[in-house]
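Have a look at the structure below before the remarks.
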There are 2 protein chains.
Amino acid sequence: MHIKRPEKTSPECIPNLLALRDSLELLGGKWKLLIVLHISCRPKELQHFKKLEKEITGISAKMLAKELKTLEENKIVTRTIQNTRPVTVTYALTAYGESLIPIARDLQQWGLNHRKIIKEK
Amino acid sequence: MHIKRPEKTSPECIPNLLALRDSLELLGGKWKLLIVLHISCRPKELQHFKKLEKEITGISAKMLAKELKTLEENKIVTRTIQNTRPVTVTYALTAYGESLIPIARDLQQWGLNHRKIIKEK
DNA sequence: CGGGATCCAATAAGATACTG
DNA sequence: CAGTATCTTATTGGATCCCG
């Protein structure tokens, strides 16, 4: 794959990097895209907080709660309190949140390939 | 855009999330993709350490050096010491590193759109 | 159960000084 | 100039406890 690179700095190139900053600020941590992809892997009925906590190895409840809250504030997931005793909470991707799936998959694919590249050294 | 979601958990879905972890561990911080895109915006001759430091607002020399070192170890950039007095160092994307450009651009585009979405609330 | 609040350890990152 | 080392501060994240 060859990507052309401008010979001179294009005027709009630098300013738009602010948008990348925004994305990285929101999504750049270890967990958020992982959570998004995890939710997308599951049928809606199974996306309980507890399930996510168990499936996402290494995440603490505190982290998961914090990350989900941020994702909710950014309209990427919805939070639904179920009428159970005791209370359970389920999460789902919004339609907007699903727009992150291709990006997450690309990164996933890249990581899969990267492991090979690095192993070769 | 509608993305189909499996009704049942696909067996290969969860394990592959390890690949996403790898990607996020390497690229998930605030700076690396930003650096990659910055380098890609510039003609090769201008990608000096000092230039990058000045252009990437908010990054410290220490951070930049550390991030570039990691990127180099992961074969995403090359590091070239110039025969100048005093010494200067230039960085360039490898062909492999260029494979990150589409991902970075997608994230950039997503961030551009996201700003609109969030402003609406 | 989900998730704050608090406290504490581990880590990351700024400032500064120093070398090839 | 491009880093590295050291010191110090800021931030993160885990552990625990509590409440609806």
Side-chain angles (χ1 to χ4, degrees), chain A residues 21-22 24-36 38-39 42 44-94 97, chain B residues 21-22 24-36 38-39 42-94:
Chain A
R21 274 179 199 251
D22 287 349
L24 290 175
E25 182 155 342
L26 173 57
L27 305 170
K30 288 166 63 180
W31 298 118
K32 292 197 197 72
L33 283 180
L34 205 58
I35 292 169
V36 165
H38 249 282
I39 295 179
R42 292 292 185 193
K44 277 197 170 60
E45 320 83 54
L46 294 179
Q47 296 157 6
H48 295 264
F49 184 91
K50 208 65 188 177
K51 283 261 181 191
L52 288 171
E53 186 185 350
K54 270 184 287 189
E55 286 177 5
I56 303 178
T57 315
I59 201 169
S60 65
K62 174 183 166 183
M63 261 299 102
L64 183 56
K66 200 185 69 181
E67 300 288 68
L68 283 169
K69 190 174 187 180
T70 306
L71 289 174
E72 190 196 359
E73 287 164 358
N74 283 275
K75 305 185 182 184
I76 291 164
V77 303
T78 57
R79 178 175 178 274
T80 311
I81 302 171
Q82 307 290 337
N83 287 334
T84 53
R85 204 41 223 226
V87 161
T88 58
V89 179
T90 58
Y91 290 88
L93 284 184
T94 62
Chain B
R21 274 180 201 251
D22 286 350
L24 290 175
E25 183 155 342
L26 173 58
L27 305 170
K30 288 166 62 181
W31 298 116
K32 293 196 197 71
L33 284 179
L34 205 57
I35 293 170
V36 165
H38 248 282
I39 294 180
R42 292 292 186 194
K44 277 198 171 59
E45 321 82 54
L46 295 178
Q47 295 155 6
H48 295 263
F49 184 90
K50 208 66 189 175
K51 284 259 180 192
L52 288 171
E53 185 186 350
K54 269 184 286 187
E55 286 177 4
I56 303 179
T57 315
I59 201 169
S60 64
K62 174 184 165 185
M63 261 298 102
L64 182 56
K66 199 186 68 182
E67 300 288 67
L68 283 169
K69 192 174 187 180
T70 305
L71 289 174
E72 190 195 359
E73 286 164 358
N74 282 276
K75 304 184 182 184
I76 291 164
V77 303
T78 57
R79 177 175 179 276
T80 311
I81 301 170
Q82 307 291 337
N83 287 333
T84 53
R85 205 38 224 229
V87 161
T88 58
V89 179
T90 57
Y91 291 88
L93 286 183
T94 62

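In what follows, chains are A, B, ... by sequence order, proteins preceding strands, each numbered from 1.
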Checklist entry - What is the minimum heavy-atom distance between B:Val77 and B:Leu68, and which atoms define it? => result CG2-O, 3.9 Å
Checklist outcome for this item: Per nearest nucleotide of DNA chain C, the residue lying toward the 5' end, A:Pro86 or A:Lys69, is A:Pro86
Item to check | Rounded interatomic separation in angstrom, taking CZ from A:Arg85 and C1' from C:dC1 | outcome: 10 Å
Checklist entry - Do the side-chain N or O atoms of A:Arg79 get closer than 4.0 angstrom to the phosphate oxygens (OP1, OP2) of C:dG3? => result yes
Checklist outcome for this item: In whole angstroms, the gap separating P of C:dA15 from CG of B:Leu64 amounts to 15 Å
Checklist entry - So which heavy atom on A:Gln47 is nearest to which on A:Leu52, and how close? => result O-CD1, 4.4 Å
Next on the checklist: So does A:Ile76 get a backbone contact from the side chain of A:Thr94, meaning a donor-acceptor N/O pair under 3.5 Å?
Outcome noted: yes
Checklist entry - Rounded to the nearest Å, what distance is computed from the CD atom of residue A:Glu72 to the P atom of nucleotide C:dG2? => result 15 Å
Item to check | A:Tyr91 side-chain proximity, nearest of D:dC1, C:dG2, D:dG3 | outcome: C:dG2
Checklist outcome for this item: Taken to the nearest whole Å, NE2/B:His48 to P/D:dG3 is 12 Å
Checklist outcome for this item: Readout for nucleotides 9-20 of chain D: B = base within 4.0 Å of protein heavy atom, S = sugar-phosphate only, - = neither; 5' to 3' it is ----BBB-----
Item to check | Five-pair end axes of the helix from C:dC1-D:dG20 to C:dG20-D:dC1, angle between them (10°) | outcome: 50°
Checklist entry - Tell me: CG of A:Leu68 to C1' of C:dG3, nearest whole Å? => result 11 Å
Checklist entry - Do B:Phe49 and B:Lys54 pass the side chain to side chain contact (heavy atoms under 4.5 Å, CB included) test, and can you show the C-alpha distance, the side-chain angles, and the key distance before you say yes or no? => result CA-CA 9 Å; B:Phe49 184 90; B:Lys54 269 184 286 187; over 6 Å; no
Checklist outcome for this item: note: B:Ile81, atom CD1; C:dT19, atom C1'; distance rounded to Å ~ 14 Å
Next on the checklist: Using 0.5 Å steps for rounding, measure from the CD1 atom of A:Ile35 to the CD1 atom of A:Ile59.
Outcome noted: 4.5 Å
Checklist entry - Is the shortest distance from a Lys or Arg side-chain nitrogen in B:Lys50 or B:Glu53 to a carboxylate oxygen in the other one below 4.0 Å? => result yes
Item to check | Trace of the side chain to side chain contact (heavy atoms under 4.5 Å, CB included) decision for A:Leu24 with B:Lys30 | outcome: CA-CA 6 Å; A:Leu24 290 175; B:Lys30 288 166 62 181; 5.5 Å; no
Checklist entry - Does B:Leu26 offer a backbone N or O that forms a donor-acceptor pair with the side chain of B:Lys32 under 3.5 Å? => result yes
Checklist entry - To the nearest 0.5 Å, how far apart are CE in A:Met63 and CD1 in A:Ile56? => result 12.5 Å
